[in-house]
Amino acid sequence: MRFTVSSTALAARLSALGKVINSKNSLPILGDFLFEVVEGQLRLTASDSEVVMHTSLELNETDSDGRFCVGNHDLSEAVKGISEQPITFDVDLQSSIAKISYQNGMFSLPVNNADEFPQAQQIGEQAITISIPTPVLAENINRSLFATAQDELRPVMNGIYFDLTPDCLAIVASDGHKLVRNKVLNIKSEEPASFILPKKPASLLKGVLGKQGGDVIIRFDDRNAEINYEDGVIICRLIEGRYPNYNSVIPQSNPNQLTVDRVSLLSALRRVQPFSNESSNLIRFHVENGTLQLDAEDYDFSKTATERMSCDYNGMPMSIGFKGSSFIEILGSFDCQEVVVQLADPSRAGLVLPSEQPSDQDVLMLMMPMLIND
């Protein structure tokens with residue numbers, strides 16, 4: 001079997017697929033890429049047994065169809081160093097060798113039997129389908145991933161929750177200390193449905209979804225999901241279990257409202273945070289008379305820092321503590337000019353919202369406060 005393909009197109013696809021493959025695998029074949037040549041197209045697959053990723057690209061020329069597996073590391077390293085040009089694969093399935101030639105050289109690699117490569121899980125006939133515009137899904141995953149947990153005791157918190165209701169599609173992530181809730185208002189269903197997408201396929205989607213148009217089609221049942229995007233497909237096992245009632249922890253009335261320039265606050269937090277206690281990372285927010293003061297201290301090492309900035313504030317004077325690194329992550333996930341921080345009292349959760357909501361969306365982030373000693 002012989003076929004020719006663009007070096008840069010192949011390198012880009014292999015780079016994306018390589019993120020699926022684990023450094024240690026239960027089956028040796030899972031360290032390979034699966035190559036399938038069918039009717040002038042090259043279909044590439046990578047799997048870790050729970051996540052399967054497919055992508056395709058057009059071949060410049062081919063003499064026959066066929067399929068084989070080849071180790072991911074050596075091929076990826078070799079191909080990414082080749083400048084844009086056609087590269088030709090000569091694959092001898094009898095001797096299990098692939099010779100790859102290009103303008104100034106060639107290399108050869110052993111190939112393995114494609115029949116050993118595990119098949120992807122099939123989605124049930126009762127699968128539910130959601131269609132989401134590609135930029136909307138990409139920005140919602142970007143906004144949510146940082147808030148997922150790494151909790152062996154509560155695995156449902158380790159993914160992004162998609163909650164389809166008659167009102168909207170809510171995309172939620174939380175680690176128990178911070179929460180992100182994104183509502184996509186123009187996607188809804190009379191029949192409620194939900195699933196929890198694990199962190200790994202969510203991270204893969206973050207890497208492959210561009211700003212191009214079109215829709216991402218998600219089909220899911222109670223165990224698996226199939227996500228079709230412009231350049232490929234991801235099939236993954238879902239996290240099983242019941243996600244906590246996230247709406248119950250979101251305060252409905254936080255009357256004290258602070259409006260502040262997002263970039264200025266983000267910069268100030270980054271300057272002050274290194275002076276906070278290493279274990280607690282506590283930053284004290286004191287707001288009064290149009291001034292926000294940030295304080296950090298670590299008496300163990302005789303370090304303190306204070307910074308003041310102007311803001312718009314409607315409410316009682318208040319001091320409240322937040323974890324600096326988490327607040328920085330929240331501010332970094334927005335792209336608006338100003339953010340609104342809604343507070344009730346120093347013992348209740350604060351809400352962070354963009355000053356202007358994205359079109360057809362409602363974005364809200366929640367931060368649990370930390371105890372401060374006045």
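For the numbers below, each heavy atom of this structure counts, side chains included, while hydrogens, waters and symmetry mates do not.
- By the 4.5 Å heavy-atom criterion applied to side chains, L34 and E36 are counted as neighbours.
- Residues R348 and I320 come closest through the heavy atom pair O-CD1, 4.1 Å.
- D74 contributes no side-chain N or O that, together with a main-chain N or O of G71, makes up a donor-acceptor pair within less than 3.5 Å.
- For the residue pair R43 and S56, no side-chain donor N or O sits within less than 3.5 Å of a side-chain acceptor on the partner.
- S131 places no side-chain N or O within 3.5 Å of a backbone atom of I217 that could act as its donor or acceptor partner.
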| message | For a side-chain contact (heavy atoms from CB on, under 4.5 Å) check, start with the C-alpha distance between S49 and L27, then their side-chain angles and the critical distance, and finish with the verdict. | response | CA-CA 9 Å; S49 79; L27 298 172; over 6 Å; no
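- Environment of NZ in K178: crowded, with over 12 heavy atoms of neighbouring residues, nucleotides or ligands closer than 6.0 Å.
- Side-chain contact between I196 and Y243: present, with at least one pair of heavy atoms (C-beta onward) separated by less than 4.5 Å.
- Salt-bridge annotation for R262 and E338: absent, with no side-chain N of the basic residue lying under 4.0 Å from a carboxylate O of the acidic one.
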Distance-only donor-acceptor hits, side chain of residues 109-117, under 3.5 Å, sequence neighbours excluded:
{"residue": "N112", "atom": "ND2", "partner": "D32", "partner atom": "OD2", "Å": "2.6"}
{"residue": "N113", "atom": "OD1", "partner": "D115", "partner atom": "N", "Å": "2.9"}
{"residue": "D115", "atom": "OD1", "partner": "R67", "partner atom": "NH1", "Å": "2.9"}

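- N281 and Q273 share a donor-acceptor pair across their side chains, judged by distance under 3.5 Å alone.
- Heavy-atom neighbours of M316 CE from other residues, nucleotides or ligands within 6.0 Å: at or below the threshold of 12.
- Looking at S333, its side chain does come within 3.5 Å of a backbone N or O of I330 through a donor-acceptor pair.
- Taking 4.5 Å as the limit, every side-chain heavy atom of D167 sits out of range of all side-chain heavy atoms of K188.
- In this structure a side-chain-to-backbone donor-acceptor pair under 3.5 Å is missing from S276 to A296.
- Judged by distance alone, the side chains of R2 and T88 never bring a donor and an acceptor atom under 3.5 Å apart.
- Salt-bridge formation is detected for the pair D48/K200: a Lys NZ or Arg NE/NH1/NH2 atom is positioned less than 4.0 Å from an Asp or Glu carboxylate oxygen.
- Atom CD of E278 sits in a sparse spot, with 12 or fewer heavy atoms from other residues, nucleotides or ligands closer than 6.0 Å.
- Panel note: side chain N254, backbone Q342; a donor-acceptor pair is recorded below 3.5 Å.
- Two rings, from F285 and F327, have their centers less than 6.0 Å apart.
- Residues T306 and D295 have side chains that bring a donor and an acceptor to within less than 3.5 angstrom of each other.
- A donor-acceptor contact shorter than 3.5 Å links the side chain of T165 to the backbone of C168.
- Side-chain contact between I218 and T129 is absent, with no heavy-atom pair separated by less than 4.5 Å.
- Contact check on E297 versus K303 returns no salt bridge, with no Lys/Arg side-chain nitrogen under 4.0 Å from an Asp/Glu carboxylate oxygen.
- Using cut-offs of 30° and 60° for the angle between ring planes, the F3 and F89 rings count as parallel.
- Side-chain contact between N277 and D300 is present, with at least one heavy-atom pair separated by less than 4.5 Å.
- In this structure the side chain of N224 reaches within 4.5 angstrom of the side chain of D221, judged on heavy atoms.
- Considering only heavy atoms from C-beta on, L366 comes within 4.5 Å of P251 through its side chain.
- Counting heavy atoms from C-beta on, the side chains of E288 and T291 never come closer than 4.5 Å.
- Remark: side-chain polar atoms of S76 are paired, donor with acceptor, to backbone N or O of N72 under 3.5 angstrom.
- Ring geometry for F35 versus F68: interplanar angle under 30°, hence parallel rather than tilted (30 to 60°).
- Results of the side-chain contact (heavy atoms from CB on, under 4.5 Å) test with R13 over T55, V79, T8, V208 single out T55 as the only residue that passes.
- Atom CZ of R223 has 12 or fewer neighbouring heavy atoms from other residues, nucleotides or ligands inside a 6.0 Å radius.
- Formation of a donor-acceptor pair under 3.5 Å by the D261 side chain with backbone atoms of S264 is found in this model.
- The neighbour count for E77 CD, taken as heavy atoms of other residues, nucleotides or ligands under 6.0 Å away, is above 12.
- Residues E307 and Q293 bring no donor and acceptor atom of their side chains to less than 3.5 Å of each other.
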